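Report on one structure; see the data block that follows.
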Amino acid sequence: MLRSVFIKQSLRSYATKSHDLVVIGGGPAGYVAAIKAAQLGFDTACIEKRGKLGGTCLNVGCIPSKALLNNSLLYHQILTDTKNRGIDVDASAVGLNFKNFMAAKEKVVNQLTGGVEMLFKKNKVTYYKGEGAFNSENEVVVKPVEGLKGTVAEETLLQAKNILIATGSEVSPFPGITIDEERIVSSTGCLSLTEVPKRLAIIGGGIIGLEMGSVYNRLGSKVTVMEYQPKIGASMDDEVATTTQKLLKKQGIDFKLQTKVMSATRNGDIVNIEMENAKTGAKEFIEADVLLVAVGRRPYVQGLNAEKIGLEVDKKGRLVIDDKYNTKYPNIKVIGDVTFGPMLAHKAEEEGIAAVEIFKTGFGHVNYNNIPSVMYSHPEVAWVGKTEQELKADNIEYKVGKFPFIANSRAKTNQDTDGFVKIIIDAKTERLLGAHIIGPNAGEMIAEAGLALEYGASAEDIARVCHAHPTLSEAFKEANMDAFDKPINF
């Protein structure tokens, strides 16, 4: 009986096509890898089951959240921050059209995802809309996705010399809490609410929770952030995290740190939340109109059929690879959120480039000590390299230089002076070890720190580079001056 079943399976007919490289997943890791591979001369195919390229980042992550952050800040500034600038605004005449507010976000998403599809055509990447699953170490079956426009008409067998897995991640569930994407939402649902909630509760004080909290706080929600750890911001430098919390609290966001959420249940249009103080055990109950569960993400391997070819998965659900992104099969590599490292789009993109370069030449590299992080709150928070707490743990001697934006002429003229630049250098060599910025334009300014780290610059090297005046980047220069000597303007 078993033999007859095997014979039937082995004789199953597929539409068959061949490519040099098949990429499973069309997010930042996958689409960048596919384009680069095509540029390097590979006959490349990319499989994506969402129906739109760009993955979580472009569709329900980085891009739509930044649209909401930018437009909510503009709305809030019109309401609250014009009088001192000599601009008279009748606040009673300023209204929020929430439907159009969300439509503006969708327009940007559609433009960018469509742009990636155009790049595929430009670079001659074959795009399969469907779900990819392993048939063998050199074969991937593309299955039609029900209800997806443009999905493959039938199951198609792709034969490939090389295969790259870039299936990304999904929202981590919270034990005992059911996400319905209406009143109890993930980050995906929070990006598509139909109205501004009067009360928004958030489980998780990481970047996603704080960014979404910022959006709805500006739109008028009473926001409460519940975080199990004693500080917000996950991997932020401790001093920066403390300052960030103070500024967000000043803006109106309430924080409950060292707080464990015990349960959350929906009762009609209300969510009842039970909490417990992690230190004292004291109970607390609050109600919210919407609860956002933002406790992180986990690797996505469902439907990949990785077990069929024996790919190894670690305790965190990540596919296991070596330092050249190889699985047990040298022709199958893994990149992005589905394997080790921070779940960041730009980290995934760099891995996409490196992996296909290794396929082509045997060489490729990502500097994992130089991956920047940014939180697009206001003020922005950005950092790269080592934090003080990491250096203390490693017993590395260091010096710190700081410069506040209140002493920066451009920040003064912009009336946007919260925050500072913090530079950490090696105590002996004065080489840059880390940079931490909380303030206006931090997400753009951090690129200078990344370049300096990559080339092993010292604080003096950076400070002796002429920075244009008046610019916010002068604060970066002055913080480096403070690290090795003294600043001029503070």
Side-chain angles (χ1 to χ4, degrees), residues 19-64 66 108-129 132 140 158 160 162-169 297 299-300 304 318-319 321 323-327 331-368 370-374 443 447 450 454:
H19 299 279
D20 296 331
L21 173 65
V22 169
V23 181
I24 307 175
Y31 86 73
V32 168
I35 290 171
K36 184 63 177 180
Q39 292 172 347
L40 291 175
F42 289 105
D43 177 347
T44 306
C46 183
I47 306 166
E48 173 55 55
K49 72 174 187 177
R50 187 188 296 272
K52 290 183 179 180
L53 293 166
T56 294
C57 176
L58 265 65
N59 288 279
V60 290
C62 317
I63 297 304
K66 302 314 163 283
V108 172
V109 169
N110 290 333
Q111 287 173 337
L112 288 172
T113 55
V116 177
E117 195 161 341
M118 289 178 63
L119 288 172
F120 270 18
K121 292 176 181 178
K122 176 184 176 181
N123 289 280
K124 296 181 174 57
V125 175
T126 305
Y127 174 26
Y128 293 95
K129 290 186 180 181
V140 177
L158 305 185
N162 297 306
I163 298 169
L164 188 60
I165 302 172
T167 47
S169 61
R297 301 182 64 83
Y300 185 81
L304 189 59
R318 304 174 299 189
L319 291 173
I321 56 175
D323 60 358
K324 290 194 173 182
Y325 310 106
N326 294 325
T327 61
N331 70 305
I332 301 176
K333 299 184 188 295
V334 187
I335 56 174
D337 286 4
V338 75
T339 189
F340 77 96
M343 291 183 173
L344 297 169
H346 43 281
K347 171 260 193 186
E349 290 175 346
E350 294 302 311
E351 289 178 335
I353 300 290
V356 296
E357 287 179 339
I358 293 171
F359 274 136
K360 183 71 175 181
T361 68
F363 302 98
H365 175 67
V366 175
N367 183 354
Y368 290 99
N370 194 4
I371 305 292
S373 295
V374 183
E454 195 67 29

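Note that the structure is a prediction, hence the values are computed from the model and not measured.
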Report task. Please report the closest heavy-atom contact between E48 and G25, naming both atoms and the distance. Result -> OE1-C, 3.8 Å

Query raised in the report: Does any N or O in the side chain of N59 come within less than 3.5 Å of the main-chain N or O of L53, such that one atom is a donor and the other an acceptor?
Result: yes

Query raised in the report: Given the rule in the side-chain contact (heavy atoms from CB on, under 4.5 Å) test, do V23 and V356 qualify, once you have shown the distances and angles that lead to the verdict?
Result: CA-CA 10 Å; V23 181; V356 296; 6.0 Å; no

Query raised in the report: Under 3.5 Å, side chain of T327 to main-chain N/O of I332, donor-acceptor pair present?
Result: yes

Query - Heavy-atom closest contact (I371 atom, P342 atom, distance) - result: CG2-CG, 4.4 Å

**Report entry** K66, NZ atom: more than 12 neighbouring heavy atoms under 6.0 Å
**Finding:** yes

Report summary line: Taking every heavy atom of P64 against every heavy atom of L58, the minimum-distance pair comes out as CD-O, 3.4 Å

Query - Separation between CD1 of I321 and NZ of K333, rounded to the nearest 0.5 Å - result: 9.0 Å

Requested in this report: Determine yes or no for a side-chain-to-main-chain donor-acceptor pair under 3.5 angstrom, with N370 supplying the side chain and G450 the backbone.
Outcome: yes

Query raised in the report: Does E349 reach the main-chain N or O of P28 with its side chain, forming a donor-acceptor pair under 3.5 Å?
Result: no

Requested in this report: Enumerate the residue pairs fulfilling ring pair (Phe, Tyr, Trp, His ring centres under 6.0 Å) with a member in residues 332-355, sequence neighbours excluded, ordered by first and then second residue.
Outcome: F340-Y368

Query - Contacts of type side-chain hydrogen bond (donor to acceptor under 3.5 Å, both in side chains), residue N367, not counting sequence neighbours - result: E454

Report summary line: dist I35:CD1 -> T44:OG1 (nearest 0.5 Å) comes out at 10.0 Å

Query - side-chain contact (heavy atoms from CB on, under 4.5 Å) between Q39 and K36, intermediate numbers included - result: CA-CA 5 Å; Q39 292 172 347; K36 184 63 177 180; 3.7 Å; yes

Report task. State, without any angle test, whether T113 and R50 hold a side-chain donor-acceptor pair at a distance under 3.5 Å. Result -> no

Query raised in the report: Do you know the tightest heavy-atom contact between Y128 and A45?
Result: CE1-CB, 3.6 Å

**Report entry** Rounded distance (nearest 0.5 Å) linking atom NZ of K347 with atom OG of S373
**Finding:** 12.0 Å

**Report entry** pair V366-Y325: side-chain heavy atoms closer than 4.5 Å
**Finding:** yes

Query raised in the report: With no hydrogens and no angle check, is any side-chain donor or acceptor of T339 less than 3.5 Å from a backbone partner on L319?
Result: yes

Query raised in the report: Of the non-hydrogen atoms in A355 and L164, which two are nearest, and what is the gap between them?
Result: CB-CD1, 4.0 Å

Query raised in the report: Atom NZ in K52, atom CD in E117: separation rounded to 0.5 Å?
Result: 10.5 Å

Requested in this report: First locate atom CZ of F359, then atom CG of N162, and finally report the distance between them rounded to the nearest 0.5 Å.
Outcome: 4.0 Å

Requested in this report: Indicate the atoms forming the closest heavy-atom contact of V374 with G443, along with that distance.
Outcome: CG1-CA, 3.8 Å

Query raised in the report: Nearest 0.5 Å, what's the CD1-CD1 distance between I353 and I358?
Result: 12.0 Å

